[in-house]
Amino acid sequence: EDPKLLEAFEARVTADEFIEPKDWMPEAYRRTLTRQISQHAHSEIVGMLPEGNWITRAPSLRRKAILLAKVQDEAGHGLYLYCAAETLGTSREEMVEALHSGKAKYSTIFNYPTLTWADIGAIGWLVDGAAIMNQVPLQRTSYGPYARAMVRICKEESFHQRQGYEIMIAMANGSSDQKRMAQDALNRWWWPSLMMFGPPDADSPNTAQSMRWRIKRETNDELRQKFVDITVPQAEFLGLTVPDPDLKWNEEKGGYDFGEIDWDEFYAVVKGEGPVAKERMTARREAWEKGAWVREAAAAHEEKRRARKAA
Ligand code: FAQ
């Protein structure tokens with residue numbers, strides 16, 4: 001790679017200019033962005049499954065309509081992100097193939113099951129809450145198409161977070177059974193939500209370079225700490241207990257100290273050993289195969305349209 005081009009590229013990044021698809025970029029920048037954006041897209045698409053599981057069982061028509069809209073938003077997020085990733089030169093088919101063959105990752109959080117309706121509240125509150133914490137800084141990521149996709153996604157994501165928290169408020173103030181379900185959902189989703197931010201900075205192979213290239217604007221540990229600091233008072237407002245005996249306000253740092261995350265569990269789930277990982281991938285592969293006729297019909301329609309135009 002031409003050192004002059006690299007120098008000019010790095011100067012633009014340092015000046016907070018957006019890098020656009022046709023601009024020169026180092027191959028490693030292209031590779032790591034394709035990796036991150038495509039994995040982000042896969043997470044949105046796989047992320048539809050745990051909640052989709054509850055659409056037919058939502059407790060009221062209002063809740064069903066809201067959940068349906070939220071899950072549709074996630075499909076939209078996946079599509080914006082695949083488009084952003086495609087501008088880097090990898091096709092949608094290649095990305096989907098990488099997911100289905102197990103080469104590409106998606107967020108560990110979606111390998112946990114949704115056992116009760118309270119889980120839908122906890123996902124909106126905690127999982128979308130963690131997603132926003134991570135995605136707001138990505139609106140200033142150095143790659144233009146990714147940054148712009150994030151603007152719209154963040155708006156929708158904050159609505160998702162509110163809807164989840166509103167379910168939690170209803171459950172936490174409901175019958176004793178409902179309150180127990182809310183606490184149980186918090187117990188099961190708390191630690192996996194903290195894992196969404198990725199390994200500790202010291203064990204994160206990509207962070208240093210991604211921070212230098214301003215792909216990431218804050219590190220995994222910084223974002224995780226902010227998430228804990230914002231979320232603990234929200235749990236207190238609900239009258240629920242965060243399942244961490246080591247959680248303690250630290251006056252000096254102006255944030256909470258919290259217990260050790262089970263990193264063995266994290267790496268096992270990353271490797272595809274999550275409680276419902278196999279089910280998730282089977283569902284995605286089946287959806288892709290069952291949707292083949294739609295893709296073929298769309299291609300045939302486009303072909304006819306083009307022929308008609310040419311005639
Ligand atoms: N799960 O060196 P780092 C959503 C992998 S939100 C699985 O720190 P990096 C919305 C990582 O890929 C969820 N794998 O990596 C929604 C890397 O492996 P690789 C999606 C993980 O990239 C809500 C290795 O570990 N959000 O979908 C995880 O610098 C509700 C080493 O890690 C995004 O993707 C994990 N949790 O930092 C939808 C945000 N953590 O790729 C439905 C964009 C790490 O080298 C319902 N992504 N790994 O083979 C990012 O900000 C970053 O990619 C991080 C990881 C922070 C996730």
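- The main-chain N or O of P200 is never found under 3.5 Å from a side-chain atom of D203 such that the two would form a donor-acceptor pair.
- Listed for the N220 side chain is no donor-acceptor partner under 3.5 Å among the backbone atoms of D201.
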N/O donor-acceptor pairs under 3.5 Å from side chains in residues 231-240, not counting sequence neighbours:
{"from": "T231", "atom 1": "OG1", "to": "F227", "atom 2": "O", "distance (Å)": "2.6"}
{"from": "Q234", "atom 1": "OE1", "to": "W125", "atom 2": "NE1", "distance (Å)": "2.8"}

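- For the pairing with K70, the salt bridge (charged side-chain N to carboxylate O under 4.0 Å, His left out) check across E166, E51, E156 returns one residue only, E51.
- Residues Y165 and M196 fall within the same hydrophobic cluster, defined by Ile, Leu, Val, Met, Phe, Trp and Tyr side chains chained together at heavy-atom separations under 4.5 Å.
- Separating the CZ atom in R305 from the CZ atom in R308 is a distance of 8.5 Å, to the nearest 0.5 Å.
- Applying the side-chain hydrogen bond (donor to acceptor under 3.5 Å, both in side chains) criterion to R188, with sequence neighbours excluded, gives D119, D184.
- Checked against side chain to side chain contact (heavy atoms under 4.5 Å, CB included), E286 has the following partners two or more places apart in sequence or in another chain: T282, K290.
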message: Applying side chain to side chain contact (heavy atoms under 4.5 Å, CB included) to M195 and R224, what does each step give before you reach the verdict?
response: CA-CA 8 Å; M195 293 176 194; R224 188 167 16 245; 5.8 Å; no
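- No side-chain donor-acceptor contact under 3.5 Å links Q163 to the backbone of I66.
- The two residues N53 and P50 make their nearest non-hydrogen contact at CB-O, 3.2 Å.
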- request: Dump the intermediate steps for salt bridge (charged side-chain N to carboxylate O under 4.0 Å, His left out) on R12 and E20, then the final yes or no.
  value: CA-CA 11 Å; R12 286 185 63 197; E20 297 297 338; over 6 Å; no
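- No chain of hydrophobic side-chain contacts below 4.5 Å, direct or via other Ile, Leu, Val, Met, Phe, Trp or Tyr residues, connects M95 to V46.
- Taking W249 as the reference, E251 meet the side-chain hydrogen bond (donor to acceptor under 3.5 Å, both in side chains) condition, with sequence neighbours excluded.
- Closest approach of E74 to E44, counting heavy atoms only: O-CB, 3.6 Å.
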field: Verdict with supporting geometry, T114 and W189, side chain to side chain contact (heavy atoms under 4.5 Å, CB included)
entry: CA-CA 10 Å; T114 41; W189 290 93; 4.0 Å; yes
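- Heavy-atom contacts from other residues, nucleotides or ligands closer than 6.0 Å to CZ of R295 number more than 12.
- With sequence neighbours excluded, the residues satisfying ring pair (Phe, Tyr, Trp, His ring centres under 6.0 Å) with F266 are W263.
- The line from CG of N134 to CG of L223 is 6.0 Å long, rounded to the nearest 0.5 Å.
- With no hydrogens or angles considered, a side-chain donor-acceptor pair links H160 and E157 at under 3.5 Å.
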- request: Show your reasoning for whether salt bridge (charged side-chain N to carboxylate O under 4.0 Å, His left out) applies to D229 and K226.
  value: CA-CA 5 Å; D229 293 345; K226 278 194 182 174; over 6 Å; no
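- Of all the heavy atoms in A182 and A172, the pair that sits closest is CB-N, 4.4 Å.
- Partners of F18 by ring pair (Phe, Tyr, Trp, His ring centres under 6.0 Å), not counting sequence neighbours: none found.
- Judged by distance alone, the side chain of T90 and the main-chain N or O of E86 form no donor-acceptor pair under 3.5 Å.
- Counting only distance, with no hydrogens or angles, the side chain of N206 and the backbone of T32 share no donor-acceptor pair below 3.5 Å.
- Cation-pi geometry between R57 and W54 is met: under 6.0 angstrom from the ring centre, within 45 degrees of the axis.
- Closest non-hydrogen pair, L126 versus S193, comes out as CB-OG, 3.5 Å.
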task: Apply side chain to side chain contact (heavy atoms under 4.5 Å, CB included) to R148 and Q139, showing your working.
output: CA-CA 7 Å; R148 289 187 289 274; Q139 295 177 101; over 6 Å; no
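- When every heavy atom of S107 is checked against every heavy atom of S43, the shortest pair comes out as N-OG, 2.9 Å.
- With rounding to the nearest 0.5 angstrom, the CZ atom of R180 is 11.5 Å from the CG atom of N187.
- W191 pairs by the ring pair (Phe, Tyr, Trp, His ring centres under 6.0 Å) definition with nothing, not counting sequence neighbours.
- We find that D16 and R217 are joined by a salt bridge, their nearest charged nitrogen and carboxylate oxygen being less than 4.0 Å apart.
- To the nearest 0.5 angstrom, H100 atom NE2 is 8.0 Å from H42 atom NE2.
- By the ring pair (Phe, Tyr, Trp, His ring centres under 6.0 Å) test, Y106 pairs with no residue at all, sequence neighbours left out.
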Stepwise side chain to side chain contact (heavy atoms under 4.5 Å, CB included) test for R280 and N111: CA-CA 7 Å; R280 298 285 184 248; N111 285 330; 3.9 Å; yes
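- Side-chain N/O atoms of S158 and Q161 include no donor and acceptor closer than 3.5 Å.
- Side-chain heavy atoms closer than 4.5 Å link hydrophobic residues (I, L, V, M, F, W, Y) into clusters, and following such links, possibly through other members, connects I230 to V127.
- In terms of the side chain to side chain contact (heavy atoms under 4.5 Å, CB included) criterion, residue partners of R306 (sequence neighbours excluded) are, by chain and number, E302.
- One side chain, K253 or Q225, offers a donor N or O that lies under 3.5 Å from an acceptor on the other.
- Other residues sharing the hydrophobic cluster of Y146, ordered by chain and number and joined by side-chain separations under 4.5 Å: L5, L6, F9, V13, I19, W24, M25, Y29, L33, I37, Y80, L81, L88, L138, Y143, M150, I153, W213, I215.
- In this structure, I55 CD1 and Q72 CD are separated by 8.0 Å, a value rounded to the nearest 0.5 Å.
- Counting side-chain heavy-atom gaps under 4.5 Å among Ile, Leu, Val, Met, Phe, Trp and Tyr, the cluster of V136 also holds I132.
- A side-chain donor-acceptor contact under 3.5 Å links E222 to the backbone of T219.
- The heavy-atom pair separating S38 from Y82 by the smallest distance is O-CE2, 4.5 Å.
- Take S204 and apply the side-chain hydrogen bond (donor to acceptor under 3.5 Å, both in side chains) test, not counting sequence neighbours, and it matches T207.
- A donor-acceptor pair shorter than 3.5 Å can be found between the side chains of N250 and D257.
- The main-chain N or O of G259 is found under 3.5 Å from a side-chain atom of D244 such that the two form a donor-acceptor pair.
- Residue I167 is not grouped with residue Y112 when hydrophobic side chains (ILVMFWY) are merged at heavy-atom distances under 4.5 angstrom, including chains of intermediate members.
- With hydrogens and angles ignored, the 3.5 Å screen pairs no side-chain donor or acceptor of R284 with any backbone N or O of E279.
- Following chains of ILVMFWY side-chain contacts shorter than 4.5 Å, one cannot reach I123 starting from W117, and the two form parts of different hydrophobic clusters.
- For the atom pair CE (M171) and NZ (K179), the distance works out to 12.0 Å, reported to the nearest 0.5 Å.
- Distance alone, capped at 3.5 Å, places no donor-acceptor pair between the R214 side chain and the E17 backbone.
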